[in-house]
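Take a look at the structure below.
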Amino acid sequence: MRWARRTVPAVAAAVAALAARDLIQRDHALLRNFPVLGRARYLLEAIGPELRQYIVAGNDEERPFTRDQRRWVYASAKQENNYFGFGTDNDIEHTPGYPIIKHRTFGRAVPPSTPTAGHDVRLPCAKVLGAARRRPRAFRPESVVNISGMSFGSLSGNAIAALNRGAALAGCLQNTGEGGLSPYHRNGGDLVFQLGTAYFGCRDEQGRFSLDRLKDLVAGSPVRALEIKLSQGAKPSLGGLLPGAKVSAEIAATRGIPAGQDCVSPSRHAEFSDCDSLLDWVELLAAETGLPVGIKSAVGDLGFWQELATLMRDTGRGIDFVTIDGGEGGTGAAPLIFSDSVSLPFQQGFSRVYKVFAEHDLHEQVVFVGSGKLGLPDNAVVAFALGCDLVNVGREAMLSIGCIQAQKCHTDTCPTGVATQNAWLTRGLDPTSKSVRAANYLRTLRRDLTKVAEACGVEHPGLIGTDAVEILDGRTGSTPLHEVYGYRPEWGLPSPADQAEIVRLMTAQAPRGGSAPPSATAVG
Ligand SMILES: Cc1cc2nc3c(=O)[nH]c(=O)nc-3n(C[C@H](O)[C@H](O)[C@H](O)COP(=O)(O)O)c2cc1C
Ligand code: SF4
């Protein structure tokens, strides 16, 4: 037993030292929150591929994000090697609906040769937001990839701060979500302010919308655009309730509500009740703030979109942008039936709405934003081909700052401190180091989009047309994207003038393409 008397204290001391180290380090939220125990996850992650050969789950089996997809985000965020070896393990030929991007052998744009080339390339929007309607504060978004609306309240303050700093580093926009503009949103990143049904952050004591408060808020913060939230893909037409226990003093101050009391978000807006009054409200907000104004919505019945486009065409009023959220999109919490079955998935919903605007000849005047797992390059490329000008990333950005897809966002026990208000768990997430990860991920996505665009022979993802994508039928055939969604061949692209300008902006950057100069005997 003498060995035990010597070994046990030594082991205990080693464990204590390890625990202290885990508690102090700032790279891994999981280890800061669960010292020593959290290491099991990293061990399992490291030996997972070997174990899985003997157990069950494959690289493409988990949802909403497969292991391959998560690995790509994690590696990109850490600027580690995000390549995959040995070739695809997707069952391409036998998967119906699988999109294939068609590269060109000789294109206008020359792809860069090194893996990191293009990492710092500027990738601005091909349209100027608010220009078509001459909004005084119209601007060209610097990045085609931006951070989707996720409220302070559903995400922790540290997560919001990490994303905001990441947005500043990567030169992109962060949408506040409907929970108001918190101190965590003031870390240098530009914002899109979202107005939900409860008008958090711009409401009076009775919960009514207050234009004066909105104007004060906009005047004192880097808000570049306003987004009226009509619905969200994961829970359209539903209100929400934040239980009083979660309404901390900070959340109360941000939202403009009393602390400690249940906080209800109604299912409908009080400021408008149909398309006509919605357009009046859009024009009022734009006139009073000078900002571009858009709407965010999931897609169900198309009647709303038909009426909206007809009114825009006939009356001259209009939205500057529309964000279409797919039914596969994320949420902090929602009833299963809504997440699983209400509203169309992104590609179907987006293409229907785009067509309505195109049939009314409005598609070149509206900036189209997409969301719903578009933080993965393959999905994003299809979105751009269908006519998206910008993509918003939500859960993929959460993955980049440490989310492990534990899917406990609705329980306030998020182990990585991303989606919780629990002070101990939130403490684990270091906003400084995670902001760098968020920025790395955003830049890598932009780089991949640039590379794919160049492989297709164009300078910018917004110039990828529907002819560049085919959808396989899982047997022997495939259908061009424009046929699948009933597009006319010219749809999905910006106006000729916007195309010329974005080509000019992209080619004005440092020359890319890594070849040596042609030899004296070159023939072309
Ligand atoms: C935790 C969480 C909170 C969200 N909060 C909001 C919100 O306040 N307003 C909103 O419009 N969408 C909200 N969303 C939806 C996202 O903005 C986004 O539209 C959706 O998740 C699809 O993008 P993704 O697939 O990249 O996550 C939230 C999503 C998540 C995961
Ligand atoms: S609960 Fe899980 S899925 Fe939700 S943010 Fe936290 S780690 Fe991610």
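Source: prediction; values computed, not measured. Just so you know, ligand 1 is whichever comes first in the structure, and atom 1 is the first atom listed for that ligand.
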Test item: side-chain donor near acceptor, R268 and T197, under 3.5 Å: no
Give me the nearest non-hydrogen protein atom to atom 18 (C) of ligand 1 as residue plus atom name, then the distance to 0.1 Å. S148 OG, 3.3 Å
Out of the candidates L163, N146, L169, V393, only one should pair with L442 under the side chain to side chain contact (heavy atoms under 4.5 Å, CB included) rule; please name it. V393
Identify, by atom number and element, the atoms of ligand 1 in contact range of G329, meaning under 4.0 Å from any of its heavy atoms. 20 (C), 21 (O), 22 (C)
Distance under 4.0 Å to a non-hydrogen atom of T416: what atoms of ligand 2 satisfy this? 6 (Fe), 7 (S)
for atom 3 (C) of ligand 1, nearest protein heavy atom and its distance come out as S154 OG, 3.3 Å
Please check if any side-chain donor atom of R186 sits under 3.5 Å from a side-chain acceptor atom of S221, or the reverse. no
Does G372 reach ligand 1, in the sense of a heavy atom lying below 4.0 Å from it? yes
Using a heavy-atom cut-off of under 4.0 Å, does the side chain or the backbone of K229 touch ligand 1, or both, or neither? side chain
A student comparing C403, A419, A29 should find that the heavy atom closest to atom 8 (Fe) of ligand 2 comes from C403
Would you say D325 and Q232 are linked by a side-chain donor-acceptor pair, where the criterion is simply a distance under 3.5 Å? no
Checking R255 side chain against G180 main chain: does a donor-acceptor pair fall under 3.5 Å? no
What's the shortest distance from atom 20 (C) of ligand 1 to any protein heavy atom, and which residue and atom give it? G330 N, 3.3 Å
Any donor and acceptor pair, going by atom type alone, linking the side chain of S210 with main-chain N or O of R203 inside 3.5 Å? no
List the closest protein heavy-atom neighbour of atom 3 (S) of ligand 2: residue, atom name, distance to the nearest 0.1 Å. Q407 N, 3.1 Å
Would you say the side-chain atoms of H269 pair up with the backbone N or O of Y199, donor to acceptor, closer than 3.5 Å? no
Without hydrogens or angle criteria, can the side chains of N90 and Y98 be said to hold a donor-acceptor pair below 3.5 Å? yes
How far is atom 31 (C) of ligand 1 from the closest protein heavy atom, and which atom is that? T331 N, 3.5 Å
Are Y441 and E396 close enough that a side-chain donor and a side-chain acceptor fall under 3.5 Å? no
So, do F350 and V369 sit near enough that their side-chain heavy atoms are less than 4.5 Å apart? no
re atom 6 (Fe) of ligand 2, the protein heavy-atom contact at minimum distance is C414 SG, 2.2 Å
Suppose I only count heavy atoms of G149 and a 4.0 Å limit; which atoms of ligand 1 are within that range? 4 (C), 5 (N), 6 (C), 7 (C), 9 (N), 10 (C), 12 (N), 13 (C), 14 (N), 15 (C), 16 (C), 17 (O), 28 (C)
Cation-aromatic face contact R224/F139, 6.0 Å, 45 degrees: yes
Just which atoms of ligand 2 are under 4.0 Å from any heavy atom in K408? 1 (S), 2 (Fe)
Side-chain donor/acceptor of N379 to backbone N/O of L374, under 3.5 Å: no
Heavy-atom nearest option to atom 5 (S) of ligand 2, drawn from M398, H410, R395: M398
Near S371, which atoms of ligand 1 are under 4.0 Å from a heavy atom of that residue? 19 (O)
Atoms in ligand 1 with a heavy atom of E396 nearer than 4.0 Å: 24 (P), 26 (O), 27 (O)
Counting only heavy atoms, tell me which of Q232, H410, E178, Q194 gets closest to atom 11 (O) of ligand 1. Q194
Would you mind running through ligand 1 and noting each atom that sits below 4.0 Å from a heavy atom of G332? 1 (C), 2 (C), 3 (C), 30 (C)
Taking S148 for its side chain and G394 for its backbone only, find out whether a donor-acceptor pair lies under 3.5 Å. no
Which bit of S151 is near ligand 1, meaning a heavy atom under 4.0 Å away: side chain, backbone, both or neither? both
Atom 4 (Fe) of ligand 2 - nearest protein heavy atom and its distance: C409 SG, 2.3 Å
Out of E328, K373, K296, who gets a non-hydrogen atom closest to atom 19 (O) of ligand 1? K296
Honestly, for D325 the part within reach of ligand 1 (heavy atoms, under 4.0 Å) is side chain
State the atoms of ligand 1, each with its element, that fall below the 4.0 Å cut-off from a heavy-atom position in R395. 24 (P), 25 (O), 26 (O), 27 (O), 31 (C)
Lys NZ or Arg CZ of K355 over Y485 ring: under 6.0 Å, within 45°: no
Give a yes-or-no answer on whether the side chains of E227 and Q194 include a donor-acceptor pair shorter than 3.5 Å. yes
Flag V393 as yes when one of its N or O atoms lies below 3.5 Å from any N or O atom of ligand 1, and as no otherwise. no
Give yes if a backbone or side-chain nitrogen or oxygen of M398 is under 3.5 Å from a nitrogen or oxygen of ligand 1, and no if not. no
Quick one: which ligand 2 atoms are inside 4.0 Å of a heavy atom on A406? 2 (Fe), 3 (S), 7 (S)
